[in-house]
Protein chains: 2
Amino acid sequence: MPQRDLTVESIVDRIRASGGRVTPAKRTLIDVLFSSDQHLTAEDITAHVQSTSPETSPSTIYRNLEELEQLGIVVHAHLGRAAAVYHLAGPVHGHLICSNCGTTIEVPSPYFESFTTAVWNDFHFMVDRHHLAISGLCAACFER
Amino acid sequence: MPQRDLTVESIVDRIRASGGRVTPAKRTLIDVLFSSDQHLTAEDITAHVQSTSPETSPSTIYRNLEELEQLGIVVHAHLGRAAAVYHLAGPVHGHLICSNCGTTIEVPSPYFESFTTAVWNDFHFMVDRHHLAISGLCAACFER
DNA sequence: ATTGCTGCAAACCTTTTGCAAGAAT
DNA sequence: ATTCTTGCAAAAGGTTTGCAGCAAT
């Protein structure tokens, strides 16, 4: 469940505060993001938005996702060669993605804290914890 | 420095043992992989191969990289939306990729061992350690 | 009245695929 | 002789961009 202290109205305000305009396409996009806990691809999101506003184009979705990401409202992660997944910003977590079936598991921050620290100390590399996406196999796929 | 107990001849033998044929394109590809410690994109590799054999097509590179990967000779990792990077298989390691400048740092296996174990115990997810690619900022880019 | 946002179509980039000709075994 | 590989060209998948008209402020 993403950050629930974030309301649609607070987002609308932030858009305007940053000089952006609040259009129906943006409102619908925000609604879609709020109504799903899932990690959605741009294509998923487009389909959901189009079920309300069929004329919305994918490029608008991409542009608005990018705007929301710049405002810190949305984050995305990449998994392998496939499409990126988007979701509302919330508690920092990493993503485990099954390379076989696509299942995504969220891993809370403490699991990769010591890794992040060690890598900072020894390699002076600052892990971007919002983008942490690790591929592998979920239990079901691993057992086959 | 990748696995140096691997010789060009042993690779050639493995290709034939698996029913594959040893063509000039494959030899050149193997040479290129041996002559670079870097993480190369398919485009990089194509350029290097073409400097020796200009008529080699990218599709041949992709097909041969895939064959070598199936034989366990090559591994690849994805970083963000950009092209995948390939290199000779060697000691298992993860990759830290600077999302600003593209620098890639190899992290030896022990750094992510405990993470891998914890995630297996708690989420029953088997991390594919060959594909571990983590984005963030290298020291130089972090300081700006 | 501004000027940001939209839909559409086309471009882009990386990778994959179909195919007939050529080459390794 | 067999059948794997190749180069070429085209397709495919995800994302970005140019543009002229429309709409939020």
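Source: prediction; values computed, not measured. Note on naming: letters A, B, ... go to the chains in the order of the sequence lines (proteins, then strands), and numbering restarts at 1 for each one.
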Of the listed nucleotides (C:dT16, C:dG7, C:dT15), which one gets closest to any side-chain atom of A:Glu55? C:dG7

Can you figure out which of C:dA9, C:dT14, D:dT6 approaches the side chain of B:Ala83 most closely? C:dT14

For B:Pro91, is there any backbone N or O sitting under 3.5 Å from a side-chain donor or acceptor partner on B:His93? yes

Under 3.5 Å: donor-acceptor pair, side chain of B:Ser10, backbone of B:Thr7: yes

Classify A:Thr56 by what it touches in the nucleic acid, base, sugar-phosphate, or nothing, heavy-atom distance under 4.0 Å. sugar-phosphate

Hey, is the main chain of A:Arg21 close enough, under 3.5 Å, to the side chain of A:Lys26 for a donor-acceptor pair? yes

Rounding to 10 degrees, work out the angle separating the end axes of the helix from C:dA1-D:dT25 to C:dT25-D:dA1 (five pairs an end). 30°

How many whole angstroms separate atom CG of B:Asn64 from atom C1' of C:dA23? 14 Å

How are the rings of B:His95 and B:His39 set relative to one another: parallel (under 30°), tilted (30 to 60°) or perpendicular (over 60°)? perpendicular

Answer yes if the side chains of B:Glu113 and B:Ser109 hold a donor-acceptor pair under 3.5 Å, and no otherwise. yes

Length of the line joining B:Ile45:CD1 and C:dT15:P, which is rounded to integer Å: 10 Å

Between the base of C:dG4 and the side chain of A:Arg63, is there a donor and acceptor pair under 3.5 angstrom? no

Would you say C:dG7 has OP1 or OP2 under 4.0 Å from some side-chain N or O of A:Thr60? yes

Can you tell me if B:Asp44 uses its side chain to pair, donor with acceptor, with the backbone of B:Thr41 under 3.5 Å? yes

Among the nucleotides D:dG14, C:dT15, C:dT6, which one has an atom lying closest to any side-chain atom of A:Ala25? C:dT6

Which donor-acceptor pairs under 3.5 Å do the side chains of residues 47-54 of chain B make with protein atoms, sequence neighbours left out?
{"residue": "B:Gln50", "atom": "NE2", "partner": "B:Thr56", "partner atom": "O", "Å": "2.6"}
{"residue": "B:Ser51", "atom": "OG", "partner": "B:His48", "partner atom": "O", "Å": "2.7"}

Separation of C:dA24 P from B:Glu67 CD (nearest whole Å): 14 Å

Can you tell me if A:His76 and A:Glu69 form a side-chain donor-acceptor pair at under 3.5 Å? yes

Pull out every protein N or O sitting under 3.5 Å from an N or O of nucleotides 20-25 of chain D, one pair per line with the distance.
{"residue": "D:dA24", "atom": "N3", "partner": "A:Arg21", "partner atom": "NH1", "Å": "3.1"}
{"residue": "D:dT25", "atom": "OP1", "partner": "A:Arg16", "partner atom": "NH1", "Å": "2.2"}
{"residue": "D:dT25", "atom": "OP1", "partner": "A:Val22", "partner atom": "N", "Å": "3.4"}
{"residue": "D:dT25", "atom": "OP2", "partner": "A:Arg16", "partner atom": "NH1", "Å": "3.4"}

In terms of side-chain heavy atoms of B:Lys26, which of D:dT6, C:dC5, D:dG14 is nearest? D:dT6

If you compare every side-chain N and O of B:Tyr62 against the phosphate oxygens of C:dT15 (OP1, OP2), does one of them come in below 4.0 Å? yes

